[in-house]
Amino acid sequence: MTILLSNKCYLFAGLLSWLSVTSRAAYTPGTPHDAVVQLDKNSFPEAINDPANPLWFLKFYAPWCGHCKRMAPVLDRIAPKLQGQMAIGKIDCTSQTALCKQFKVRGYPTLKYSVDGDINDYPAGRDEASILGFASKMSAPSIVTVGSYDEAMEYAKSETEEGVIFLGFDPSHSEAAPSAFYQVFSQVARRKQASGHFLWLKPSDPDSIKSAAVVKRIEVDTKVRYLEDVESLTPEALGEWFEEQNLPLVSILGANNFQKIGRKGRPLAMAIAHTEDAEQIKALKEHMLNYITATDDEKYYYGILDGKKFNKFLEQFNVKEENVPQFLVFDVPSKTYWQNETYTNLFEFMKAIENGELPSSMVTKSGGNGVLAKIEHYFVKFFPYSVVVLLLIVIVFMWLIIPAYEEDPDGGNHSALDDILEDMQGVEGEKQEAEEAEKTKEVAESKKDK
């Protein structure tokens, strides 16, 4: 019976894979595409370097992945709208394992984009509006020219979501004879256009600015950061500095940017709050900025996370909605966190962590009220004795059902971070599905009235 069910599962997965293949659009070199294109190890290199399709949106997926299936109709719907602007490609990681391994795909879907063959992580949302907005931004000039610092600051306030821009200046540059630094700056701007805002200062009176070549990181209402001695700067070095600095000092965290920030190599110091309370958010942000400015601490990234929207996700950190606001430090790769709701001052909270007064804890399982979470909790609590019990269970299990053993279809591709992000994305996915259902209901009632 078990073997029969196993064979049915394989047949079902195979059917899904066959359906995804038969419904694909074929890649045609030199032609702007109006449908989602199935790419493989042979067509992929040619496609991303195709002058007719310099910009690609790439979805690495598995046929059985629920999030991937929900995203498929969105991509099918927008592909014709983006013909000649951005091509959309999909890569089946169950058949293109080497290609997916090359780009370090650890969960599904993994979204990336390619500009002139240079591949980066996709930084925006999965909904139709976000993808269309991304394509529009990538089709615009990668550098905006401004005539003054005040104009650059106004751009940061009105044209960016997070208020962060990078402003370049070189007195030796001209349109007739571009400087070496401008060429480096423009290369990085083109590659990183999806996730950043690049401005170039071209004053009406060049003699009014007494400055050497420089690039500034400017954020509204925060201290300016500089990168000087840029004459010998390489695109790689400027790109690394951009990646490190291209975050608000205090981010509003969600499913989209949590992944990006969590993988940057520093723990996240978070204020858990109700983001619908504007006064509370404003006060917390000012408090966190005061701490960052006073300590000049670059050991952490800082953000604010909605304690109501992500209350289920936060249960694994012992954060209860009724105890919000509070602070939480979480090191994503190691799944280590520091939490204590009695601290209401970030200065004291961080000092307690640094001094060892506040011990760390380990995340055992997302949504800590489940049966599996409780099992894992007690396994850790009674370690190493629990190992003996586990070994006995495994031996009995293997003896009973070893003929029916089959490999995990995920192939071990999910990381700890992917599990965490699926929880967060699930919250937003459920919300989007509810909104779509409500819209469908309204349209049906409208037709009925007519």
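Just so you know, these numbers come straight off a predicted model, no measurement behind them.
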As an exercise, state the distance from CG of D92 to OG1 of T97, rounded to the nearest 0.5 Å. 10.0 Å
Under a 3.5 Å distance rule, please check whether S136 uses its side chain to pair with a backbone N or O of L132 as donor and acceptor. no
Does a donor on one side chain and an acceptor on the other come within less than 3.5 Å for Y337 and N318? yes
Compare every heavy atom of M153 with every heavy atom of I218, then report the nearest pair and how far apart it is. CG2-CE, 3.4 Å
Using the benzene-type ring in the case of Trp, are the ring centres of W64 and Y108 under 6.0 Å apart? yes
Rounded to the nearest 0.5 Å, the CG atom of D118 sits from the CG atom of N120 at a distance of 5.0 Å
Check: Q245 side chain, W241 main-chain N or O, donor-acceptor pair, under 3.5 Å: no
I'd like to know if the side chain of S179 pairs up with that of D170 as donor and acceptor (distance under 3.5 Å, no hydrogens or angles considered). yes
Using the side-chain contact (heavy atoms from CB on, under 4.5 Å) rule, take L268 and F258 through it: C-alpha gap first, then chi angles, then the decisive distance, then the call. CA-CA 9 Å; L268 282 169; F258 192 95; 3.8 Å; yes
When you check the gap from the basic side-chain N to the acidic O, do K308 and E321 get nearer than 4.0 Å? no
Straight-line distance of K202 NZ to S174 OG, nearest 0.5 Å: 9.0 Å
If you count heavy atoms of other groups shown closer than 6.0 angstrom to NZ of K81, is the number above 12? yes
I want to check something: taking the side chain as every heavy atom from C-beta on, are L82 and D34 in contact at a cut-off of under 4.5 Å? no
Has D76 got a side-chain atom pairing as donor or acceptor with V36's backbone, closer than 3.5 angstrom? no
Could you give me the CA-CA distance, side-chain angles and deciding distance for V164 and L247, then say whether side-chain contact (heavy atoms from CB on, under 4.5 Å) is met? CA-CA 7 Å; V164 178; L247 285 174; over 6 Å; no
Heavy-atom distance under 4.5 Å between the side chains of L58 and F103, does that happen here? no
Would you say that more than 12 heavy atoms from the other residues, nucleotides or ligands in this model lie under 6.0 Å from the NZ of K285, or not? no
Is any side-chain N of the basic residue among K309 and E276 closer than 4.0 Å to the acidic one's carboxylate O? no
A cation-pi test, strictly: NZ or CZ of K59 under 6.0 Å from the centre of the six-membered ring of Y61 and no more than 45 degrees from its axis. Yes or no? yes
Regarding Y27 and D50, is there a side-chain donor-to-acceptor distance under 3.5 Å anywhere? yes
Do the side chains of E128 and L75 get nearer than 4.5 Å, heavy atoms only? no
Over 12 foreign heavy atoms within 6.0 Å of NZ, K101: no
Please step through side-chain contact (heavy atoms from CB on, under 4.5 Å) for the pair I88 and I78, ending with a clear verdict. CA-CA 9 Å; I88 300 177; I78 65 177; 3.9 Å; yes
Closer than 3.5 angstrom, by distance alone: can the side chain of T28 be matched with the main-chain N or O of T31 as a donor-acceptor pair? no
Do F198 and F242 make the cut of ring centroids closer than 6.0 angstrom? yes
In this structure, is the centre-to-centre distance between the rings of F181 and W200 below 6.0 Å? yes
To the nearest 0.5 Å, what is the distance between CZ on F330 and CG on L314? 10.5 Å
Between E244 and K264, does the salt bridge (charged side-chain N to carboxylate O under 4.0 Å, His left out) criterion hold? Intermediate values first, please. CA-CA 8 Å; E244 181 182 316; K264 277 183 172 287; over 6 Å; no
Closest approach of I292 to Y302 (non-hydrogen atoms, all atoms of both residues): CD1-CD1, 3.6 Å
So which heavy atom on M288 is nearest to which on G303, and how close? CE-O, 3.6 Å
For residues V329 and M350, report the shortest heavy-atom separation together with the two atoms involved. CG2-SD, 3.9 Å
Between the main-chain N or O of K41 and the side-chain N or O of Q96, is there a donor-acceptor pair closer than 3.5 Å? yes
I'd like to know if the side chain of S43 and the backbone of L39 have a donor-acceptor N/O pair within less than 3.5 Å. no
Hey, what do you get for CD (E162) to NE2 (H197), rounding to the nearest 0.5 Å? 8.0 Å
Under a 4.5 Å cut-off applied to non-hydrogen side-chain atoms, are L111 and F57 in contact? yes
Looking at every non-hydrogen atom in both residues, tell me the closest pair between M86 and A135 and how far apart they are. CE-CB, 3.9 Å
Show the numbers, then the answer: is there a side-chain contact (heavy atoms from CB on, under 4.5 Å) between V144 and E159? CA-CA 11 Å; V144 175; E159 302 296 329; over 6 Å; no
Distance-only, no hydrogens or angles: does the N53 side chain make a donor-acceptor pair with backbone N or O of I48 under 3.5 Å? no
Is there side-chain contact between S251 and I261, with at least one heavy-atom pair below 4.5 Å? yes
Please determine whether the number of non-hydrogen atoms from other residues, nucleotides or ligands lying under 6.0 Å from atom CG of D116 exceeds 12. yes
Determine, step by step, whether F166 and F185 satisfy the ring pair (Phe, Tyr, Trp, His ring centres under 6.0 Å) criterion, reporting the C-alpha distance in whole Å, the side-chain angles of both residues, the deciding distance to 0.1 Å, and the verdict. CA-CA 10 Å; F166 292 83; F185 189 82; 8.4 Å; no
The reported gap from CD1 in I252 to CG in L305 (rounded to nearest 0.5 angstrom) is 9.5 Å
Just so I know, are the side chains of V215 and L238 near enough to count as touching, which here means a heavy-atom distance under 4.5 Å? yes
V74 backbone acceptor or donor facing R126 side chain under 3.5 Å: no
Using atom types as modelled and distance alone, determine if a side-chain donor or acceptor of Q193 lies under 3.5 Å from a backbone N or O of K137. yes
How are the rings of F60 and F44 set relative to one another: parallel (under 30°), tilted (30 to 60°) or perpendicular (over 60°)? tilted
Salt bridge flag under 4.0 Å for residues E219 and R225: no
Partners passing side-chain hydrogen bond (donor to acceptor under 3.5 Å, both in side chains) against R266 (at least two apart in sequence or in another chain): none
Does the side chain of F317 reach to within under 4.5 Å of the side chain of V363, using non-hydrogen atoms? yes
Is the shortest heavy-atom distance from the side chain of V319 to the side chain of Q339 under 4.5 Å? yes
N42: side-chain hydrogen bond (donor to acceptor under 3.5 Å, both in side chains) partners, not counting sequence neighbours: none
Contact summary for P235 and V188, nearest pair of heavy atoms: O-CG2, 3.5 Å
